*Asks:* 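Below you'll find the structure I mean.
A quick note: this is a predicted structure, and the numbers were derived from the prediction, not measured. Each chain gets a letter, A, B and so on, in the order the sequences are listed, and its residues count up from 1.
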There are 2 protein chains.
Amino acid sequence: MAKSVTLPPLVYPERDEITVEGVLRALADPVRLAIVRQLAASGHELSCGALTVSVTKSTITHHLGILRQAGVVAGRQEGTTRFNSLRRKDLDALFPGLLDGVLAAPR
Amino acid sequence: MAKSVTLPPLVYPERDEITVEGVLRALADPVRLAIVRQLAASGHELSCGALTVSVTKSTITHHLGILRQAGVVAGRQEGTTRFNSLRRKDLDALFPGLLDGVLAAPR
DNA sequence: GTCGTAGTTCGATGATGACCGTACTACGGA
DNA sequence: TCCGTAGTACGGTCATCATCGAACTACGAC
């Protein structure tokens, strides 16, 4: 039979569709900022479950959706787990310094 | 009688009281982003009336208050007009690259 | 003093969005 | 085949906030 493509297609904005305002809105939330910080600190991709935030699963899904739509994170499906990673290259190319400035901040 | 100190004291956060999240929240609004862009583009300080945005005066006041509390802009009173300027030095010192990354963005 | 201009303050309203619980789908192991 | 785990989808609630108009203060010019 055909290759099983189960979960929703997970569509992201192309690099040139990413807007500063979208990125800023995405980052302007403590939970999402924590997620981005963890992704950046770990250096590699993390599953939803590997994120340590103080909200429920469904809320994490909500926030990851916003980060994805804004072009901040990408997701890769593997079995039942979805691995999320920072779109560092795209962000650095579009808004050089922005992400580093945010991540370098003490708080 | 005593020296007339009329308008509210206009208190800002000290440099070390500025948080990334506050700055991001402040910048994550189209009107406020437009204000910041105009301040940056003009290079000098601008009065409220010199800002070209598509909202009423009272809404401009509201947005400038948020930008001020976040530590993004400073204000100087002169007669009845209030001049607003970007706190570039403070922001660059705290979050190097952030502001430049935002301002360099095409949109 | 009187008027016009600059900006603030105060409600009020309407929209957005953060959050949760529950129900659901999909995969993998026993 | 049955169960546990990973994550999504949906519906609802509650808080936040962008926006406005109207009333107000302060200053400068005449």
*Asks:* Can you pull out the residues from residues 54-64 of chain B that lie within a 4.0 Å heavy-atom distance of DNA chain D?
*Replies:*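 Only B:V55, B:T56, B:S58, B:T59, B:H62, B:H63 qualify.
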*Asks:* Whole-Å distance between D:dC27 C1' and B:F83 CZ?
*Replies:*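 Roughly 13 Å, once rounded to whole Å.
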*Asks:* So do the side chains of A:R76 and A:E45 get within less than 4.5 Å of each other, counting heavy atoms only?
*Replies:*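 Yes, side chains in contact.
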*Asks:* Rounded to whole angstrom units, what separation is found between the CZ atom of B:R76 and the C1' atom of C:dA6?
*Replies:* 15 Å
*Asks:* Tell me: CG of A:L27 to C1' of C:dG17, nearest whole Å?
*Replies:*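 One finds 16 Å between C1' of C:dG17 and CG of A:L27, rounded.
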*Asks:* Round to the nearest Å and state the distance from A:I35 atom CD1 to D:dG7 atom C1'.
*Replies:* 14 Å
*Asks:* Which nucleotide wins on minimum distance to the side chain of B:R32, given the candidates D:dA18, C:dG7, D:dA26?
*Replies:* D:dA18
*Asks:* Can you tell me how far P of D:dA6 sits from CD of A:Q77, to the nearest Å?
*Replies:*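 Between P of D:dA6 and CD of A:Q77: 13 Å.
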*Asks:* What I want to check is whether the side chains of A:S58 and A:T61 have a donor and an acceptor closer together than 3.5 Å.
*Replies:*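 No - no donor-acceptor pair under 3.5 Å links their side chains.
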*Asks:* Examine C:dA6: is either OP1 or OP2 under 4.0 Å from a nitrogen or oxygen in the side chain of B:R82? Give yes or no.
*Replies:*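 Checking C:dA6 against B:R82, no side-chain N or O comes under 4.0 Å of OP1 or OP2.
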*Asks:* Under a 4.5 Å side-chain heavy-atom rule over Ile, Leu, Val, Met, Phe, Trp and Tyr, are B:F83 and B:I66 clustered together?
*Replies:* no
*Asks:* Measure from the side-chain heavy atoms of B:D29 and tell me the nearest of D:dA18, C:dA18, D:dT8.
*Replies:*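 The answer is D:dA18.
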*Asks:* Rounded to whole Å, please give me the gap between CZ in A:R25 and P in C:dA15.
*Replies:* 16 Å
*Asks:* Give a yes or no answer on whether the side chain of A:Y12 reaches the backbone of A:G75 with a donor-acceptor pair at less than 3.5 Å.
*Replies:*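 Confirmed, A:Y12 side chain pairs with A:G75 backbone.
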*Asks:* Rounded to whole Å, please give me the gap between CD in B:Q69 and P in D:dT16.
*Replies:* 15 Å
*Asks:* Once you round to the nearest 0.5 Å, how far does CG of A:L24 lie from CG of B:D29?
*Replies:* 10.5 Å
*Asks:* Of all residues at least two apart in sequence or in a different chain, which pass the side chain to side chain contact (heavy atoms under 4.5 Å, CB included) check with B:P13?
*Replies:*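 For B:P13 the side chain to side chain contact (heavy atoms under 4.5 Å, CB included) partners, ignoring immediate neighbours, are B:E17, B:I18, B:R87.
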